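Working notes, structure below.
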Protein chains: 2
Amino acid sequence: MSNLLAWTAPPEAAECCSSLSRRPLSPAEADEIALVLKALADPVRLRLLSIVASHPGGEACVCDLTECFELSQPTISHHLKVLHSAGLLQREKRGTWVYYRAHAAALTSLAALITPAVEPALPRSC
Amino acid sequence: MSNLLAWTAPPEAAECCSSLSRRPLSPAEADEIALVLKALADPVRLRLLSIVASHPGGEACVCDLTECFELSQPTISHHLKVLHSAGLLQREKRGTWVYYRAHAAALTSLAALITPAVEPALPRSC
DNA sequence: CAAAAGATTCGACATATGTCTATATTGACA
DNA sequence: TGTCAATATAGACATATGTCGAATCTTTTG
């Protein structure tokens with residue numbers, strides 16, 4: 001599973017808060033962040049995440065979610081797996097049912113990453 | 001050009017702040033947000049945006065950017081176009097050079113969208 | 001005007017991705 | 001133990017995407 005939280009404090013960023021706008025990302029950092037954003041960058045997965053997050057109790061099972069779409073159950077399952085692998089959804093199996101909930105810390109980290117820096121960046125090139 | 005800023009106050013969200021976690025996104029909203037996230041969800045484009053944003057003066061021309069990658073100049077130009085079309089980069093032509101800068105408001109909106117809601121969501125299904 | 005430099009557009013190609021159907025797995029329960 | 005219900009996995013297929021080289025456009029300058 002991709003670990004976005006780990007990104008928030010990479011060695012080379014010890015000097016600073018996490019933000020795209022503070023300094024150029026290394027290729028490796030960009031690869032990792034892109035994995036998480038790719039997981040989010042799909043209309044079905046955005047809706048799945050928003051449905052799960054705003055569901056009563058903050059969680060929903062696959063059967064709840066499948067009803068919301070005109071897509072096959074395996075397709076929904078696939079999208080949930082992508083979100084889970086990216087660390088954006090947490091998974092808990094209870095009996096026959098599997099419940100998903102939003103991983104708030106991962107979303108918070110991602111949002112912080114995107115938020116423009118308030119302070120002007122130090123002069124750098126690449 | 002996709003207009004993320006417009007999303008921040010859609011008619012059906014008048015009740016509330018903008019957040020994925022507040023209520024289920026409509027399919028149309030999800031499509032629009034996905035367009036912006038798709039633009040961000042690429043390692044090269046993430047690096048381009050971070051380089052532009054942290055460049056002295058907050059802007060960089062294409063020639064500055066091409067040096068940072070082992071990719072052809074048309075490829076860089078393509079990625080810049082994607083970011084610009086998504087509203088994440090602003091473009092200004094001065095003489096022969098084209099300067100890009102990060103669109104801070106768009107990034108702020110996107111970050112707000114991803115940030116988990118503090119208040120519990122109202123009970124809703126899809 | 002012509003030539004050069006910066007940038008974009010075009011067309012092609014290989015890879016990645018979203019979706020489906022069919023099948024497998026897991027757990028509840030008679 | 002056998003069957004059923006809820007999810008997940010596998011394999012196939014069509015479409016989307018990232019990259020390139022070649023050509024085109026635009027602006028400066030000799």
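Keep in mind the model is a prediction, meaning the values are calculated, not measured. Sequence lines set the chain letters: A, B, ... in the order given, protein chains first and strands last, and positions in each chain run from 1.
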Quiz item: Sequence neighbours excluded, which residues qualify as side chain to side chain contact (heavy atoms under 4.5 Å, CB included) partners of P116(A)?
Solution: S21(A), A104(B), L107(B), T108(B)

Exercise. Have a look at L71(B) and say if it touches a base, only the backbone sugar-phosphate, or nothing, with a 4.0 Å heavy-atom cut-off.
Key: sugar-phosphate

Quiz item: Which distance, rounded to the nearest 0.5 Å, do you find between the CD1 of I51(A) and the CG of L20(B)?
Solution: 11.5 Å

Self-check item: Members of residues 60-67 of chain B that approach DNA chain D, where some heavy atom sits under 4.0 Å away
Solution: none

Self-check item: By side chain to side chain donor-acceptor pair (under 3.5 Å) - contacts of H55(B) (at least two apart)
Solution: none

Quiz item: Of all residues at least two apart in sequence or in a different chain, which pass the side chain to side chain donor-acceptor pair (under 3.5 Å) check with R47(A)?
Solution: none

Self-check item: Polar side-chain atom of R45(A) near backbone of A39(A) as donor-acceptor pair, under 3.5 Å
Solution: yes

Practice problem: Tell me, please, which residues at least two apart from S77(A) pass side chain to side chain contact (heavy atoms under 4.5 Å, CB included). | Solution: Q73(A)

Self-check item: Rounded interatomic separation in angstrom, taking CG from L80(B) and C1' from dT19(D)
Solution: 15 Å

Quiz item: In whole Å, what is the span from the CZ atom of R47(A) to the C1' atom of dG18(C)?
Solution: 15 Å

Quiz prompt | Separation of dG27(C) C1' from E92(A) CD (nearest whole Å) | solution = 15 Å

Practice problem: Between protein and nucleotides 9-18 of chain D, map the contacts as a letter string: B base, S sugar-phosphate only, - none, heavy atoms under 4.0 Å, written 5' to 3'. | Solution: B-------SS

Quiz prompt | salt bridge (charged side-chain N to carboxylate O under 4.0 Å, His left out): pairs with one or both residues in residues 64-90 of chain A, sequence neighbours excluded | solution = none

Quiz item: What string of B, S and - do you get for nucleotides 24-30 of chain D 5' to 3' if you count protein non-hydrogen atoms under 4.0 Å?
Solution: --SSS--

Quiz item: With C126(A), which residues qualify under side chain to side chain contact (heavy atoms under 4.5 Å, CB included), at least two apart?
Solution: C68(B)

Exercise. Mind checking side chain to side chain contact (heavy atoms under 4.5 Å, CB included) for S125(B) and listing every partner two or more places apart, or none if nothing turns up?
Key: none

Self-check item: Nearest-Å distance for atom pair CZ/P, residues F69(A) and dC20(C)
Solution: 12 Å

Exercise. Look at all strands and tell whether Y100(B) reaches a base, only sugar-phosphate, or nothing, counting heavy atoms closer than 4.0 Å.
Key: sugar-phosphate

Exercise. With sequence neighbours left out, write down each residue that passes side chain to side chain donor-acceptor pair (under 3.5 Å) with T75(A), or none if nothing qualifies.
Key: S72(A)

Exercise. Write down the distance between NE2 (H84(B)) and C1' (dT8(C)), rounded to a whole number of angstrom.
Key: 12 Å

Quiz prompt | Sugar-phosphate, base or nothing in reach of Y99(B), heavy atoms under 4.0 Å | solution = nothing

Quiz item: Any salt bridge (charged side-chain N to carboxylate O under 4.0 Å, His left out) pairs touching residues 86-102 of chain B, not counting sequence neighbours?
Solution: E59(B)-R94(B), E59(B)-R101(B), E92(B)-R94(B)

